[in-house]
Every structure is written in C-alpha cells, then in structure tokens.
Amino acid sequence: MLKKLIIVITLVLVASSCSQTVINRPRLVVVGNFSETGGFAPLAFSGVEFALEKLEIEDEYILDHLDITLYPSEEELEAAILESDADIYIGPSYSSDLPTVYPVYKANELFAFIPSASADTINEEDDYVFRFITSTHEQGVQFARLMEVNHYDDVAIIYEDANLAYSQVLSEGIEAEIPELVSSLNTTSAETSADTLVSYISDETDAIILVMSAKTAGITVQRLRSVDINIPIYISSWAQSNTLIEFVADYTENLYVYSNGFPSKTSNYLSLNEEYLAFYGSSMGLPAMFAYDFIVVLNDYVKAGHDIEKDEFKSYMLENPQQEGYLFDLELNEYGMGTQAMQLVEIRDGVFVNAYD
C-alpha cells in the first residue's frame with residue numbers, strides 16, 4: 001500500500017511539474033517613432049517580422065514594439081524601455097532618435113541592434129549595441145570619393161531640415177572632404193519652391209547631392225527636372241524606399257542613390273523583395289533589410305548552440321566580425337559597427353538595382 005502511495009505521489013508531482021513548465025521565448029522589442037505612417041520604425045518592425053516568418057521561427061520569439069513618441073520626457077522613455085523588458089532592443093532607425101534612446105541602452109547595459117541610424121555618436125563605444133550599416137562619417141568619405149572618381153568640378157549639396165543628426169552631418173562631412181568641389185550647401189524641405197532650388201545651383205554645377213527623406217527627395221527631383229535641370233542627381237540612403245520610387249517614376253534618368261544599404265547579394269534581394277512586396281505592399285526599405293539580416297545572423301548564432309545573452313553574443317560577434325546575412329556580406333569593426341562599402345544604385349522597372357549591373 002505504501003509503495004502504491006509513493007508511486008501515486010511521484011506521478012502527481014511529475015505531472016504538476018510538467019504542467020508548470022514554461023518555454024522561455026526571447027523578447028524582441030522594436031523601438032522607434034511609430035506615429036509616422038510609412039516611417040523607418042514600422043519598416044524595421046516588418047523586417048523582423050518577415051524574417052521570423054521566413055525562417056519559420058516566429059513561435060520561438062515574442063515580437064513587440066515601443067513607440068518613443070508616447071513618452072515626452074527622457075525619464076518616462078527610460079522607464080518605458082526598461083519596463084518593456086526586452087532580451088534584444090531593435091532600433092531606433094533614425095539618427096535623430098539616437099541621442100534620446102542610446103543613453104538608456106548605454107547606462108543600463110542593454111543588448112540592442114540599430115537597423116539604419118548611422119549617427120557617429122555610437123561609433124567607438126564599448127557597449128552591447130550593434131549596427132551593420134556604415135557610419136555617417138564613413139558615408140561622407142565614400143560620397144566624396146564618388147564625386148572625385150566621376151571628375152565633377154562643381155557639386156551642389158541640398159539637405160533636408162529634419163533628422164539633422166544625419167542630413168546635416170553627412171552633408172557637411174562631404175563638403176569637408178572635397179571643399180574645392182562643393183560650390184553650395186543649402187537646406188530645404190518639401191515646401192521649397194522650384195525657384196528657390198534653382199538658386200542653389202549655378203550654371204557650372206555638374207552634379208547634385210540630395211540628403212533627404214524619400215518624400216522630400218522625390219518632390220525635389222520633380223521640381224528640378226520640371227525646370228530642365230537634367231544633370232546627375234545623387235541621393236543618400238535615407239530616401240531608399242518605395243516612396244522614392246513612386247515619386248520619381250518619370251525621372252529615373254541620370255538619377256542615383258548612393259546606398260550604404262543596398263544588398264550585396266542582389267539575386268537574394270530581388271526574390272525576397274518580391275515576396276515582401278506582395279505581403280506588405282511596398283519594397284523593403286533600408287531598416288527592413290538590415291533588420292531582416294540581423295535576425296538571420298541571430299538565428300545562425302542560436303542554431304550554433306549559443307544562448308541569447310549579451311556578453312556571449314558580443315564575444316561571438318567580435319571574434320567573428322565577418323557574418324553571412326541573406327542580403328549582405330557583413331563585416332564589423334572592433335566596436336560592433338558595420339564597415340560595408342557603399343554601392344551606386346538606380347531605379348529600373350520600379351525597383352532598385354545596382355547601377356553597374
């Protein structure tokens with residue numbers, strides 16, 4: 001009788017233990033400005049979501065988002081970030097949001113990935129923050145080299161009066177690299193008239209650089225072309241989205257995006273973007289592509305038997321700075337920051353393609 005009782009108690013305890021077993025799913029929280037329709041934060045979210053589904057690991061993670069516009073003070077934002085209790089924070093995607101969000105990551109030693117904010121403020125920090133995209137400073141250097149290689153003598157730079165941590169810093173960085181070639185440096189907005197834009201350009205100007213969001217860049221291109229300014233226009237990666245394609249559909253000749261986020265694995269991008277377009281109704285923008293590849297790298301890391309733990313991940317990434325994404329051949333420096341070369345991209349048949357292909 002005692003033996004039977006012991007067996008029954010044992011079975012009850014085992015059953016109770018099994019019923020209380022909880023699968024610990026890592027929590028991913030995409031951080032950014034979600035109040036902006038079609039903005040970079042929703043693109044980053046969709047990139048993560050799409051990757052989880054494509055890799056068939058959506059049930060292995062909890063995906064959530066945090067809209068930073070809901071928290072007006074730094075204290076409230078920090079409290080919200082900490083309360084979200086993520087294993088990995090993804091974002092922000094705008095450089096202008098980094099000065100607010102990054103100090104929270106740094107002070108609390110949080111594990112984070114930055115999809116597309118390239119501000120130099122985090123370039124050489126010892127932290128748990130990673131980024132695949134090239135820094136703003138390095139973009140400026142490469143943009144300047146592109147102007148020299150193409151033997152331009154007079155370059156006009158026009159940048160948007162928003163996201164200045166990126167637009168102004170990049171524009172001034174280009175000018176600092178090639179001061180003898182840059183004849184004008186001016187700010188603009190979507191409301192700037194064609195006449196004002198023309199005043200920024202001289203008869204000698206043989207190339208224009210636009211550092212703007214997709215909508216502002218698209219409107220600016222329309223206004224410049226409407227007054228027969230047909231010289232080459234180079235647009236920064238900030239505008240690399242389906243919105244730009246829609247605005248410049250009739251003005252793609254002599255129009256380029258100098259991209260720090262165009263996939264090096266072009267065939268993979270074209271097939272994946274087709275699926276993404278069918279699912280979300282727009283092409284993969286910069287944040288979506290880098291967010292997608294972060295999940296690819298993270299999945300490979302987990303499949304190799306590693307835990308999602310910030311110190312272990314940091315050691316792994318710094319010991320293995322070359323990573324194979326699905327879209328990009330990735331390379332990180334000693335601070336976990338991307339060092340990819342930029343690519344010249346143009347629009348053909350409604351999609352971004354390598355200009356040299």
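All values below were derived from every heavy atom in this structure, side-chain atoms included, with hydrogens, water molecules and symmetry-related copies excluded. Treat the numbers as computed from the prediction; the structure is a model and nothing was measured.
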request  = Spell out, as yes or no, whether a donor-acceptor pair under 3.5 Å connects the side chain of D293 to the backbone of F328.
outcome  = yes

ask   = Does a donor on one side chain and an acceptor on the other come within less than 3.5 Å for S73 and E76?
value = yes

key: Criterion salt bridge (Lys or Arg N to Asp or Glu O under 4.0 Å) on K106 and E125, from CA distance to verdict   = CA-CA 9 Å; K106 176 75 171 178; E125 294 287 342; 3.2 Å; yes

inquiry  = Just verifying a value: how many Å separate I209 CD1 and E175 CD, rounded to the nearest 0.5 Å?
reply    = 10.5 Å

ask   = With a 3.5 Å cut-off and no angle check, do the side chains of Y301 and Q323 form a donor-acceptor pair?
value = no

ask   = Hey, is NZ on K215 packed in by over 12 heavy atoms from elsewhere, all under 6.0 Å?
value = no

Interatomic spacing from OG in S237 to CD1 in I133 - rounded to 0.5 Å = 6.0 Å

key: Between S264 and Y269, a side-chain donor and acceptor under 3.5 Å   = no

message = Would you say D161 and S189 are linked by a side-chain donor-acceptor pair, where the criterion is simply a distance under 3.5 Å?
response = no

ask   = Side chains of S236 and Q139: is there a donor and an acceptor less than 3.5 Å apart?
value = no

task = Of all the heavy-atom pairs spanning S283 and N273, show the shortest one and how long it is.
result = CA-OD1, 3.3 Å

inquiry  = Measuring only between side-chain heavy atoms, which start at C-beta, is W238 closer than 4.5 Å to Y166?
reply    = yes

ask   = Applying the 4.5 Å side-chain criterion to the ILVMFWY set and letting contacts propagate, would I90 and M284 be lumped into a single cluster?
value = yes

task = May I have the step-by-step check of salt bridge (Lys or Arg N to Asp or Glu O under 4.0 Å) for D85 and R27, ending in yes or no?
result = CA-CA 8 Å; D85 195 28; R27 183 174 172 80; over 6 Å; no

inquiry  = Donor-acceptor pair, distance only, cut-off 3.5 Å: does the side chain of D67 make one with the backbone of T69?
reply    = yes

query = So, N320 side chain and Y316 main chain: donor-acceptor pair closer than 3.5 Å or not?
reply = yes

Distance, nearest 0.5 Å, that separates CD1 of I158 from OG1 of T188 = 6.5 Å

message = For the backbone of I88 and the side chain of K310, can you confirm whether one donor and one acceptor N or O come within less than 3.5 Å of each other?
response = no

Evaluation steps, side chain to side chain contact (heavy atoms under 4.5 Å, CB included), between S118 and S95 = CA-CA 6 Å; S118 60; S95 290; 4.0 Å; yes

message = Is there a path of hydrophobic side-chain contacts, each under 4.5 Å between heavy atoms of I/L/V/M/F/W/Y residues, joining I308 to V48?
response = yes

inquiry  = Looking at E319 and K314, is there a salt bridge between them, counting it only when a charged N and a carboxylate O are closer than 4.0 Å?
reply    = no

inquiry  = Once rounded to the nearest 0.5 Å, what's the spacing between atom OH of Y89 and atom CG of L66?
reply    = 8.0 Å

request  = State whether the side chain of R223 and the backbone N or O of T192 hold a donor-acceptor pair below 3.5 Å, judged by distance alone.
outcome  = yes

task = Spell out, as yes or no, whether a donor-acceptor pair under 3.5 Å connects the side chain of T252 to the backbone of V248.
result = no

query = Closest approach of S96 and N163, non-hydrogen atoms and distance?
reply = N-OD1, 2.9 Å

message = Tell me whether L28 shares a hydrophobic cluster with V101, the cluster being built from Ile, Leu, Val, Met, Phe, Trp, Tyr side chains joined at under 4.5 Å.
response = no

Under 3.5 Å: donor-acceptor pair, side chain of N108, backbone of L110 = no

query = For atom CD of E180, is the number of surrounding heavy atoms from other residues, nucleotides or ligands below 6.0 Å larger than 12?
reply = yes

inquiry  = Take a 6.0 Å sphere around CD of E275 and say whether it holds more than 12 heavy atoms from other residues, nucleotides or ligands.
reply    = yes

query = Is there side-chain contact between I68 and D97, with at least one heavy-atom pair below 4.5 Å?
reply = yes

message = Does E253, at its CD atom, have more than 12 non-hydrogen atoms belonging to other residues, nucleotides or ligands within less than 6.0 Å?
response = no

request  = Without swapping roles, check the side chain of Y251 against the backbone of L224 for a donor-acceptor pair under 3.5 Å.
outcome  = no

message = If we check side-chain contact (heavy atoms from CB on, under 4.5 Å) with Y234, which of these qualifies: L344, I208, L210?
response = L344

message = If hydrophobic clusters are built by linking Ile, Leu, Val, Met, Phe, Trp and Tyr wherever their side-chain heavy atoms come under 4.5 Å apart, do L277 and L244 end up in the same one?
response = no

request  = For N260 and Q340, run side chain to side chain donor-acceptor pair (under 3.5 Å): C-alpha distance rounded to whole Å, both residues' side-chain angles, the deciding distance at 0.1 Å, then the answer.
outcome  = CA-CA 7 Å; N260 62 341; Q340 281 72 247; over 6 Å; no

task = Measure from the side-chain N and O atoms of S116 to the backbone N and O of L286, and report whether any donor-acceptor pair falls under 3.5 Å.
result = no

query = Does atom CD of E83 have more than 12 heavy-atom neighbours from other groups under 6.0 Å away?
reply = no

ask   = With a 4.5 Å limit on heavy-atom distance, are the side chains of L63 and E49 in contact?
value = yes

ask   = So which of F132, F313, Y292 actually passes ring pair (Phe, Tyr, Trp, His ring centres under 6.0 Å) with F113?
value = F132

task = Check whether any side-chain N or O of Q343 sits under 3.5 Å from a backbone N or O of F262 as a donor-acceptor pair, and report yes or no.
result = yes

request  = Quick one: sort the F111 and F130 rings into parallel, tilted or perpendicular, breaks at 30° and 60°.
outcome  = perpendicular

key: Trace of the salt bridge (Lys or Arg N to Asp or Glu O under 4.0 Å) decision for E346 with R348   = CA-CA 7 Å; E346 62 186 10; R348 295 183 206 150; 2.7 Å; yes

